[in-house]
Number of protein chains: 2
Amino acid sequence: VADAASLADDVTAGNRRALARLISLVEDDAPEADETLAALYPHTGKAHVIGVTGAPGTGKSTLTNQIALEYRRRDQTVGIVAVDPTSPFSGGALLGDRIRMRDLAGDPGIFIRSMATRGSLGGLAWATADAVTALDGAGFDIVIVETVGAGQAEVEIARLAHTVIVVEAPGFGDDVQAIKAGILEIADVLVVNKADDPHAEGTARTLRAMLDLGGSMPDRRVAHHGSLADRIEPDRSQGPAGELESSWSVPVEMTNALTGEGVPELVDRLARHLEFLQRGEERERRERMRAVAAFDAWLREALLRALLANSETERMSQMVDRIVAREIMPQQAARMLVDELEWGRDSRRNA
Amino acid sequence: VADAASLADDVTAGNRRALARLISLVEDDAPEADETLAALYPHTGKAHVIGVTGAPGTGKSTLTNQIALEYRRRDQTVGIVAVDPTSPFSGGALLGDRIRMRDLAGDPGIFIRSMATRGSLGGLAWATADAVTALDGAGFDIVIVETVGAGQAEVEIARLAHTVIVVEAPGFGDDVQAIKAGILEIADVLVVNKADDPHAEGTARTLRAMLDLGGSMPDRRVAHHGSLADRIEPDRSQGPAGELESSWSVPVEMTNALTGEGVPELVDRLARHLEFLQRGEERERRERMRAVAAFDAWLREALLRALLANSETERMSQMVDRIVAREIMPQQAARMLVDELEWGRDSRRNA
């Protein structure tokens, strides 16, 4: 514990090596990571956390670099977590990203870390959350989470961000990938990158038309972990976002990440979104959403671990046999096992 | 319950309207769905469940139709679940898929159902599992699960399938989307679609080279829900797949979904994969993997529901306040709450 406290102190003092070590501990799911993060946690909540996501091939990584450079010009420090939910196959891609980031290397106001999955995509989302906590606690003004791919992992990870940028490459009609992948509705800012492409204007128009149609759809960042959110804050977490949310209309920005064109305007927009969040109750609302979602996920994890510690392996294994034999469905087996628990009622009876 | 039993009877008797109703109940998360599925469950386990996944724009839907048509030529009946983890925005895309499927409509040996998410992506994976159970129980020889997008949802959904097809569009180098999205390692069969594209051969070569490199990587379908799998079958579920698994070497097939070229060869390959599964213990191994993963997910769900039913909202809400105030981390809050539970130990003390 003393070690954890001193590692946390080193991180808050701006020691890059300590920060790198903490993130490695997080990646390895080491027990010291939790203690260190707990010690760091009171120092967090200051960074503007920005998510950058979109389909492969949209130029997200290059754009992330440009955004970071623009923030540096504005004297803001930037931590970047590049999340790559891919396999051992993709070592090359990761290396490529790192090489592309050479413009940023050597600047003490920048810290870049690539995180790859080690078997569990769900785990990656939470490891990323912990890495964001580490960078936030280390005092970076801006923390950018960049995700590769387009799917549930991105939605999970976007939940971490105050401001979510969805990057789209020019295309037409059916080719608007963000729509196909269903990540449009998590965007606070949409970017059509490769603005020099002849289809860029058309894609921007299509996206604007879709945003006009989209009006009152539910916020997916809330909806995912339904049960705990429904219970704790039914009013805040259900249905279409509240009035304050809807007073932010998602802009469509055009950039060219290769030349940097459009990037200062994009960063202005990000700053305006942060102001919007801080003006009303919106930031508080998002902080609570995020807290509830994380609490929900960790409760499930802690409950299952406790159940496993208190159940006989033999009995669990027999239930799996019965599921495989098509005698009972998994949901029935789960309910049977959970119904047998006493849920602390006996402890009250004893008291 | 009588209703559920009679609905299950109608489904097993091949009544399409009953099947459609059951899947609607599943989508709506209606309580009758569970009872009906439980009644149906003993009649399942006969279908060859095939997953078709890949990045947007690879021609997956058209290929799925062609595969279905080929199976019909071979006198096999086919149920298709087209899973679209997207937003209200994408109503158009879904409609488009349905229109594209008009070749298949009107054939009583085919049943097609599109499923879209209603807020929860995690929920969608399990609703899809239930829809597969429904189609399996209805007696379809082949059940195809087609997913749009590329991400964790696809991995979750692939877990349902005996045979997973990952579809790739021709590209070069960095553009191999399945690699970027990290879904290559869930493939039993890789398909390069749009075989008439000049880059198709090169893409197939790249994929073959990558498969040669990939050798002994862990099976992500097992790794995701670690804790229960580790507990119940540490030998079967850990590390690289067993010897039997590795005796299937993933083929790379070329197809042109527009003309149907290569589709009979692909379907031959799917049949050979099914034979492979049935020859050794591989099918049993996968069935157990699937059972453990489903049991794990439903245990988490049931545990959280039980906890919520037995905890005070006020106390949960206070914990969220403390998380938001950065006093405690979500994982600490979860552990505190779970540590307070008695885990049935008191019931033994009473006995």
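All values below were derived from every heavy atom in this structure, side-chain atoms included, with hydrogens, water molecules and symmetry-related copies excluded. In what follows, chains carry the letters A, B, and so on, assigned in the order in which the sequence lines appear, proteins first and then strands, with residues in each chain numbered from 1.
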Residue part contacting chain A, namely of [X], when any heavy atom lies under 4.5 Å:
X	answer
I328(B)	backbone
Q331(B)	both
L337(B)	side chain

Between [X] and [Y], is any pair of side-chain heavy atoms under 4.5 Å apart?
X	Y	value
R300(A)	L303(B)	no
R288(B)	D321(A)	yes
M289(A)	V324(B)	no

Discussion item. Using side-chain contact (heavy atoms from CB on, under 4.5 Å), reason through R326(B) and D136(A) one step at a time and then give a plain yes or no.
Written reply: CA-CA 12 Å; R326(B) 309 260 161 186; D136(A) 187 350; 4.2 Å; yes
Worksheet item: To the nearest 0.5 Å, what is the distance between CG (L304(B)) and CG (L304(A))?
Response: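 Output value for this atom pair is 11.5 Å.
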[X] and [Y]: which non-hydrogen atoms are nearest, and at how many Å?
X	Y	value
M329(A)	A38(B)	SD-N, 3.6 Å
P330(B)	Y41(A)	CD-OH, 4.0 Å
A334(A)	L299(B)	CB-N, 3.6 Å
F295(B)	M316(A)	CE2-O, 4.0 Å

Worksheet item: Is any NZ, NE, NH1 or NH2 atom of the basic residue among D34(B) and R335(A) found under 4.0 Å from an Asp or Glu carboxylate oxygen of the other?
Response: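 Result for this pair is yes, salt bridge flagged.
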